[in-house]
Amino acid sequence: MEIAGDDSFRIRSYRNGASTIEGYPERIADILANPEAKITDVPGIGKGLAVVLAEIEKTGSCERRDELLKKFTPAALDFLKIQGLGPKTIATLIEHFQITTIDQLEQLCKDQKLRELPRMGAKLEEKVLRGIAQLREHSGRFLLNFADNAAREIMEHLRALEGLEQIAVAGSLRRGKETIGDVDLLVTGPNAVAALERVATYPRVHEVLGRGANKTSVKLGREGLQVDVRALEHESFGAAMQYFTGSKEHNIALRQRALRLGLTLNEYGLFRLDDNTRVAGETEEGVYKALGLDWIPPELRENQGEIELAEAHQLPVLVEQRDIRGDLHMHTTATDGRATLEEMAEAARALGYEYVAITDHSKALSMAFGLDEKRVTDFAGTVRKINERGELGIRIFSGLECDILKDGTMDIEWDALAELDLVIASVHSHMNLEPAAMTDRLLRTLECPQITALGHPTGRLLLHRDPFPFDFDKVVDEAVKRGVAMEINGSPERLDLSATHVRAAKAKGAKFIVSTDAHHPKHLDNMRYGILTARRGGLVAADILNTYATDRFAKSLRA
Ligand code: DGT
Ligand code: CA
Ligand code: CA
Ligand code: ZN
């Protein structure tokens, strides 16, 4: 619809409707089938969409969609995935060149044909080529939560089998990498080989890619995530876990170390070079120990100094999820969240948290019905009353995810911000500034004394949008000087800061918050991914403000 130039109001209503349906607890088909229920009672579904939904339920499609598919090939949607190419430009290109594939578009750019069209030039051609290269890099990789959920479901499917001892995750998923190429599972036990059959019967398997003596590879669903399942001998489990967890770089360094010690390391075990005696292999700890190393947490296995630390018994005691005492970034129905403050608080209490901060959007996000000064002040008062009455069984901190305006100033007056317990300052617009301008913008933001943390500080969306460029070191130095924490946003689409940035910021003395940016109670579980990222960045509990007990945390806010 965007490419076809449909009415923007209509596009937005489809978008909102789709996102409501995605998160809605009931099935839309059930509501439509129920004569007692009205589909227009679902928030975000108006009369227009109600008609469309009924049509889709009845015919599997709708008129507008069929028309669009006649006009454009489904591949036209791929053009929208190219960073820096908007729907209007896409429409022009399709109309003028009749292109239907990304390869054709790439050729046009290489042949410098785009510049023949008005308002298009060499710069756009370069940008599109870069966008296509990025898209190819991203394709075939999956978000961490997508792979994680698939792995859990398959392991559940395998668990129904008798005679398995271990079913374990290895590979990049075990290392908690931000995106996953394929899922690696290892299975041991007297019946391990039967697991190689059983995995092919998992309902979401789309295609069996290969079946060997001790390995099956399958592809899941339309998305095509690959899962490798390997069956192993009990005595090799540790060595296989070590080998298939990787990373490749870590493994190479480890194997060289083994050779220096007169040993050889492979997926079956650690053996002496001279007479082939097995030295270790049943457990991972045993393998590392025999190499003169402490066991290394998977998240650190990237050959970035962890082997040296393990040798010197100086590995950090990485933060764990149970160290977290509260979630500090979440939205409610006051803006674009799907649950009320009470529901979010109850979900957080059920997770065992001592406190939560509610941080709805500020008014610059008008589409999300962001808070203005008056609503901010009222909200702070409401939270004070809730805490006095103590009725929710969990301490609430009044917060705000305050927009950073184009010039770096805050979207909300400082006086109003001062009423709140905590402020997360985030960029949601004007992300294409020159690096120097973006740096100045963030430095100016840090001048506001009410800010607790910079939210999703680099603005990246994994597999979708790169971080906006700015002088990261300079901004972190200033944040450290002013006592502003950096957020590790645990939303699996973001994981922002990245582990690399976390490491760099920690080296500069930064403090962090790890939070979920939840828009629904179930999103609070994304803390898991934030913690994996923190661990990959080498953080210990003391680096993270929301590991503090309530009083200490509250005091840190006032300071
Ligand atoms: P991914 O799947 O791209 O997200 O990343 P990984 O790390 O899961 O890579 P994958 O699935 O190709 O292989 C799993 C592990 O197996 C990898 O982390 C280390 C080990 N591995 C694979 N190929 C090699 C290799 O050529 N040499 C060594 N030393 N290890 C390897
Ligand atoms: Ca893998
Ligand atoms: Ca693999
Ligand atoms: Zn945000």
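Both ligands and their constituent atoms are indexed starting at 1 by order of listing.
For residues 179-223, the set of pairs meeting the ring-ring contact (aromatic ring centres under 6.0 Å, His included) definition, not counting sequence neighbours, comprises His157-Tyr202.
In terms of protein heavy atoms, atom 3 (O) of ligand 1 is closest to Arg141 NH1, 3.1 Å. Looking from atom 15 (C) of ligand 1 to the surrounding protein, the closest heavy atom is Phe244 O, 3.2 Å. Annotation: atom 18 (O) of ligand 1 to nearest protein heavy atom, Gly246 CA, 3.2 Å. Residue, atom and distance of the protein heavy atom nearest to atom 23 (N) of ligand 1 are Tyr243 OH, 4.3 Å. What sits closest to atom 25 (C) of ligand 1 on the protein, heavy atoms only, is Lys248 CE, 3.6 Å. Nearest non-hydrogen protein atom to atom 8 (O) of ligand 1 is Ser172 N, 2.8 Å.
For an aromatic pair to be called close, the ring centres must be under 6.0 Å apart, and His428 with His430 fails this.
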Between side-chain atoms of residues 300-309 and protein atoms elsewhere (two or more places apart, or another chain), which donor-acceptor pairs fall under 3.5 Å?
{"unit_1": "Arg301", "atom_1": "NE", "unit_2": "Tyr288", "atom_2": "OH", "d": "3.3"}
{"unit_1": "Arg301", "atom_1": "NE", "unit_2": "Ile296", "atom_2": "O", "d": "2.9"}
{"unit_1": "Arg301", "atom_1": "NH1", "unit_2": "Glu284", "atom_2": "OE2", "d": "3.0"}
{"unit_1": "Arg301", "atom_1": "NH2", "unit_2": "Glu284", "atom_2": "OE1", "d": "2.9"}
{"unit_1": "Arg301", "atom_1": "NH2", "unit_2": "Ile296", "atom_2": "O", "d": "2.8"}
{"unit_1": "Glu302", "atom_1": "OE2", "unit_2": "Arg175", "atom_2": "NE", "d": "2.9"}
{"unit_1": "Glu302", "atom_1": "OE2", "unit_2": "Arg536", "atom_2": "NH1", "d": "3.1"}
{"unit_1": "Glu302", "atom_1": "OE2", "unit_2": "Arg536", "atom_2": "NH2", "d": "3.3"}
{"unit_1": "Glu306", "atom_1": "OE1", "unit_2": "Asn303", "atom_2": "N", "d": "3.2"}
{"unit_1": "Glu306", "atom_1": "OE1", "unit_2": "Gln304", "atom_2": "N", "d": "2.6"}
{"unit_1": "Glu306", "atom_1": "OE2", "unit_2": "His250", "atom_2": "ND1", "d": "2.7"}
{"unit_1": "Glu306", "atom_1": "OE2", "unit_2": "Glu302", "atom_2": "N", "d": "3.1"}
{"unit_1": "Glu306", "atom_1": "OE2", "unit_2": "Asn303", "atom_2": "N", "d": "2.5"}

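In the vicinity of Gly181, heavy-atom distances shorter than 4.0 Å reach the ligand 1 atoms 1 (P), 2 (O), 3 (O), 4 (O). Near Arg255, with a cut-off below 4.0 Å to any heavy atom, the atoms of ligand 1 are 28 (C), 29 (N). For ligand 1, the atoms closer than 4.0 angstrom to any heavy atom of Gly171 are 8 (O). In the vicinity of Ile180, heavy-atom distances shorter than 4.0 Å reach the ligand 1 atoms 4 (O). Which parts of ligand 1 touch Asp184 is read off a 4.0 Å heavy-atom cut-off, strictly below it: atoms 8 (O), 11 (O), 14 (C). When each atom of ligand 1 is checked for a heavy atom of Asn251 under 4.0 Å away, the hits are 19 (C), 20 (C), 29 (N), 30 (N).
Summary: OD2 is the N/O/S atom of Asp228 found nearest to the Ca ion (ligand 3). Taking the N/O/S atoms of Asp184 in turn, the shortest distance to the Ca ion (ligand 3) belongs to OD1. When distances from the Ca ion (ligand 2) to the N, O or S atoms of Asp182 are compared, OD1 comes out shortest.
A salt bridge links Asp148 with Arg528: the closest approach of a Lys/Arg side-chain nitrogen to an acidic carboxylate oxygen falls below 4.0 angstrom. The pair Arg278-Glu235 meets the salt-bridge criterion, since a charged nitrogen lies less than 4.0 angstrom from a carboxylate oxygen. The pair Glu197-Arg211 meets the salt-bridge criterion, since a charged nitrogen lies less than 4.0 angstrom from a carboxylate oxygen. Using a 4.0 Å cut-off between charged nitrogen and carboxylate oxygen, Glu106 and Arg136 count as a salt-bridge pair.
Here the side chains of Leu539 and Leu318 are not in contact, with every heavy-atom distance at 4.5 Å or above. Between Leu328 and Val514 the shortest side-chain heavy-atom distance does not fall below 4.5 Å. By the 4.5 Å heavy-atom criterion applied to side chains, Gln242 and Leu254 are counted as neighbours.
Classification of the His523-His520 ring pair by plane angle, with boundaries at 30° and 60°, yields tilted.
Only the backbone of Thr245 comes within contact range of ligand 1, with a heavy atom under 4.0 Å; no side-chain atom does. Of the heavy atoms in Lys177, none comes closer than 4.0 Å to ligand 1.
Of the polar atoms of Arg175, at least one N or O is found under 3.5 Å from an N or O of ligand 1, judged by distance alone. Considering backbone and side-chain N/O of Asp182, one or more are found under 3.5 Å from N/O of ligand 1.
Cation-pi geometry between Arg230 and Phe244 is met: under 6.0 angstrom from the ring centre, within 45 degrees of the axis.
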